[in-house]
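Take a look at the structure set out below.
Index from 1, following the sequence.
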Amino acid sequence: MGYIHCCGALHKTKTFRLAPQENFLLCELDYLSKCPVCGHTVVQLTRINKNDDISVVRRINKKAREFFEKLKSKILYEIKPINYNLKNVGRFYLNYNEFGVKKRCYSNLRTLKIGLHENKYLKINP
């Protein structure tokens with residue numbers, strides 16, 4: 001998912017990878033169907049050539065819709081953002097008391113050693 005700068009802010013867009021044109025290594029097309037502030041349709045084509053020079057073509061409103069229709073046949077795929085949802089993280093904290101002070105354990109419960117006393121005869125790991 002790309003961003004286009006319009007009306008003083010960055011807005012999320014749909015990003016498409018295009019088939020590389022002659023003398024270009026990478027071509028990407030960002031499409032903003034409607035700016036939430038001004039309502040414009042914005043299309044931005046970003047290309048990188050063999051010398052690592054970047055060229056940007058930007059169109060607005062009617063010209064943008066015509067430009068997008070013209071380049072639709074060259075679209076290879078849409079770039080989808082990766083979803084980084086942390087599903088295996090719990091929100092449970094263990095409250096415990098150590099020497100009269102209430103504490104909260106944020107670490108793994110297996111590594112927490114509450115109530116153990118130093119004893120040279122105690123075998124923890126047999």
| Those residues that, when tested against T46, pass side-chain hydrogen bond (donor to acceptor under 3.5 Å, both in side chains) (two or more places apart) | none
| Taking only residues two or more places apart in sequence, or in another chain, which ones meet K63 in a side-chain contact (heavy atoms from CB on, under 4.5 Å)? | R59
| Can you name the residues that form a ring-ring contact (aromatic ring centres under 6.0 Å, His included) with F67, not counting sequence neighbours? | none
| query | What ring pair (Phe, Tyr, Trp, His ring centres under 6.0 Å) pairs are there with at least one residue in residues 12-31, not counting sequence neighbours? | reply | F16-F68, Y31-F68
| Looking at residues at least two apart in the chain, or sitting in another chain, which of them share a side-chain hydrogen bond (donor to acceptor under 3.5 Å, both in side chains) with E66? | none
| request: Kindly say whether C6 contributes a backbone atom to a donor-acceptor pair with the side chain of H11 at under 3.5 angstrom? | output: yes
| field | Results of salt bridge (Lys or Arg N to Asp or Glu O under 4.0 Å) for E22 - residues two or more places apart only | value | none
| request: Under 4.5 Å between side-chain heavy atoms, chaining through other members, with only Ile, Leu, Val, Met, Phe, Trp and Tyr counted: pull out the rest of the cluster around L26, sorted by chain and number. | output: I48, I54, V56
| message | As an exercise, state the distance from OG1 of T41 to NZ of K34, rounded to the nearest 0.5 Å. | response | 9.0 Å
| said: Treating T15 as the side-chain partner and G2 as the backbone partner, does any N or O pair qualify as donor plus acceptor under 3.5 Å? | reply: yes
| message | Check whether N51 reaches the backbone of D53 with its side chain - one donor and one acceptor, N or O, closer than 3.5 Å. | response | no
| Which residues satisfy the side-chain hydrogen bond (donor to acceptor under 3.5 Å, both in side chains) test with E28, sequence neighbours excluded? | R17
| field | Residue pair R58 / H5: nearest heavy atoms and the distance that separates them | value | NH2-O, 2.9 Å
| note | Sorted by chain and residue number, the salt bridge (Lys or Arg N to Asp or Glu O under 4.0 Å) partners of K74 (sequence neighbours excluded) come out as none
| remark: Residues C7 and C35: closest non-hydrogen pair is SG-SG, 3.8 Å
| message | How close do Y3 and T13 get, counting heavy atoms only, and between which atoms? | response | N-OG1, 3.8 Å
| task | Apply side-chain hydrogen bond (donor to acceptor under 3.5 Å, both in side chains) to S33 and list each qualifying residue two or more places apart in sequence or on a separate chain. | result | none
| Residues in side-chain contact (heavy atoms from CB on, under 4.5 Å) contact with H40, at least two apart in sequence or another chain | C38, V42, I60, N61
| request: Look at the side-chain heavy atoms of Ile, Leu, Val, Met, Phe, Trp and Tyr, link any pair under 4.5 Å apart, and say whether L18 and V57 land in one connected group. | output: yes
| Do L29 and L71 touch side chain to side chain, with heavy atoms closer than 4.5 Å? | yes
| query | Going hydrophobic residue to hydrophobic residue with side-chain gaps under 4.5 angstrom, can you get from V43 over to I4? | reply | no
